[in-house]
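These notes are about the structure you will find just below.
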2 protein chains.
Amino acid sequence: MLSQKAKYALKALLYLAQQEDTHVSRTLEIADAASIPKKFLEQILLDLKRGHFVGSKQGKLGGYYLLKSKNEITLADIHRLFDGAIALLPCASLNFYERCSDCTDESTCALRHGLIVIREETLKAMQGITIASLIHR
Amino acid sequence: MLSQKAKYALKALLYLAQQEDTHVSRTLEIADAASIPKKFLEQILLDLKRGHFVGSKQGKLGGYYLLKSKNEITLADIHRLFDGAIALLPCASLNFYERCSDCTDESTCALRHGLIVIREETLKAMQGITIASLIHR
DNA sequence: TTTAAACTCTACTAATTTTATAGAATTTAT
DNA sequence: ATAAATTCTATAAAATTAGTAGAGTTTAAA
């Protein structure tokens, strides 16, 4: 399941993607439009900025805008940024690999192979969902 | 990501599936073989029993055994029993459907449609992984 | 019929993660 | 100078997860 953060991030990105290219959106504007607690959204937008998905303009008349194209931002990206690994266990993860502490021999682990298959399938599906594809139904 | 419970459940099921059909396995035996804390495993086996995946025999010489065929127990089943919905949001879930509290109109929600696609793909993949398929690499 | 070995059940606890909130600092247009 | 905005760090409350404790029940076998 997605965390609230990831869900709010997607909603914020969907909002930004639907504004005109020149428009910068204030946090409060996004929070109101997408029903997100403003202070919580501040953190989320900073995370999205550090992930290079959005840019910001400081000071009066400042705000946020999409940095990447809405065709390039995928569900997989946002999941990884806020909720971490796509895989069901760290040992089956591409970007968040970690050995299982209770695993005696990874190469013969019956679980791992199956979970790698799942990760491949899920990742492919999640990479197929972009902000743009979500907007166009 | 899978919870420890779900992971332990899968490891326990894998162990049971590799025993002879007549054999009943004690909790301690499974715990030792699969490196699972015994008291924690007790709860997990009870959950598996309530889910009709394993049966038990009480008293001395008691223990657990597979109730369903190892071909019938899928990763999706175990995920749902221990970790709940396969879908990324409850509003996209088949078995754990729930409306989003912050959602004004579900039918026009841009997120939901995409997440239903992901759930369909992920579910299909997870239903393809069975205890038997895990054992046969 | 007693005993030991096992499952069953409920409650509890500690640690971690999630979901925020608070407030001061900084930046920038007017 | 001022007001409106982002930025940053710390804190806190709630929920979830992972695991422990211990009493109760069942059953095989001596």
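Hydrogens, waters and symmetry mates are skipped; everything else that's a heavy atom, side chains included, is used. Labels below follow one simple rule: chain letters A, B, ... track the order of the sequence lines, proteins then strands, and each chain is numbered from 1.
A salt bridge links B:Lys5 to B:Asp47: at least one charged side-chain nitrogen sits closer than 4.0 Å to a carboxylate oxygen. By the 4.0 Å N-to-carboxylate-O rule, A:Glu42 lies close enough to A:Lys38 to be salt-bridged with it.
Heavy-atom minimum distance, A:Cys100 versus B:Lys7: SG-NZ, 3.7 Å. Of all the heavy atoms in A:Gln127 and A:Thr130, the pair that sits closest is O-CG2, 4.4 Å.
Distances shown here put a side-chain N or O of A:Tyr8 below 4.0 Å from the OP1 or OP2 atom of C:dA20. The phosphate of D:dT7 (OP1 or OP2) has a side-chain N or O of A:Lys49 nearer than 4.0 angstrom. Between D:dT17 and B:Ser3, no contact under 4.0 Å exists linking OP1 or OP2 to a side-chain N or O. Checking the phosphate oxygens (OP1, OP2) of C:dT8, a side-chain nitrogen or oxygen of B:Ser56 falls inside 4.0 Å. B:Tyr65 has no side-chain polar atom (N or O) that falls below the 4.0 Å cut-off from OP1 or OP2 of C:dC7. OP1 or OP2 of D:dC8 has at least one side-chain nitrogen or oxygen of A:Arg50 nearer than 4.0 Å. Note on A:Lys57: a side-chain N or O is less than 4.0 Å away from OP1 or OP2 of C:dA29.
For A:Leu61, whose side chain is taken as the heavy atoms from C-beta onward, the closest listed nucleotide among C:dT30, C:dT8, D:dT7 is C:dT30. Comparing atom distances between the A:Glu42 side chain and each of D:dT6, C:dT21, D:dA28 picks out D:dT6 as nearest. Of the candidate nucleotides C:dT8, D:dA28, C:dA20, D:dA28 has the atom lying nearest to any side-chain atom of B:Lys60. Comparing C:dA22, D:dG19, C:dT8 by their closest approach to the side chain of B:Lys39 singles out C:dT8. Listed nucleotides C:dT8, C:dA20, D:dA18 differ in distance to B:Gln4; the shortest reach to its side chain belongs to D:dA18. Taking every side-chain heavy atom of A:Gln58 into account, D:dT7 is the closest of D:dT7, C:dC7, D:dA18. When each of C:dT19, D:dA3, C:dT8 is scored by its nearest atom to the side-chain atoms of B:Leu46, the top-ranked nucleotide is C:dT8.
Spacing between atom CG of B:Leu28 and atom C1' of C:dA4 amounts to 15 Å, rounded to whole angstrom units. Distance, B:Met1 CE to C:dT18 C1': 16 Å, rounded to whole Å. Protein atom CZ of B:Arg26 is 17 Å distant from nucleotide atom C1' of D:dT26, rounded to whole Å. We find that CG of A:Asp47 is positioned 11 Å from P of D:dC8, with the value rounded to whole Å. Rounding to whole angstrom units, CZ of residue B:Phe40 and C1' of C:dT13 are separated by 13 Å. When rounded to the nearest whole Å, the span between CD1 of A:Ile30 and P of D:dT6 equals 8 Å. Atom-to-atom, OH of A:Tyr64 to P of D:dA4 comes out at 18 Å; the value is rounded to the nearest Å. The distance from atom NE2 of B:His23 to atom C1' of C:dA6 is 13 Å, rounded to the nearest whole Å.
A donor-acceptor contact shorter than 3.5 Å links the side chain of B:Thr122 to the backbone of B:Ile118.
For D:dT20, its base sits under 3.5 Å from the side chain of B:Gln43 at one donor and acceptor pair at least. Not a single donor-acceptor contact under 3.5 angstrom links the side-chain atoms of B:Lys5 to the base of D:dG19. Side chain B:Lys38 to base D:dG19: no donor-acceptor pair is found below 3.5 Å.
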Where do B:His23 and B:Gln18 land on the side-chain hydrogen bond (donor to acceptor under 3.5 Å, both in side chains) test, with the steps shown first?
CA-CA 10 Å; B:His23 185 67; B:Gln18 290 176 94; over 6 Å; no
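In this structure, OH in B:Tyr8 is found 15.0 Å from CG in B:Leu13, a value given to the nearest 0.5 Å.
Using a 4.0 Å heavy-atom distance criterion, B:Phe82 is classed as making no nucleic acid contact. Contact annotation for B:Gly62: backbone-only contact, meaning every heavy-atom pair under 4.0 Å involves sugar-phosphate atoms and none involves a base.
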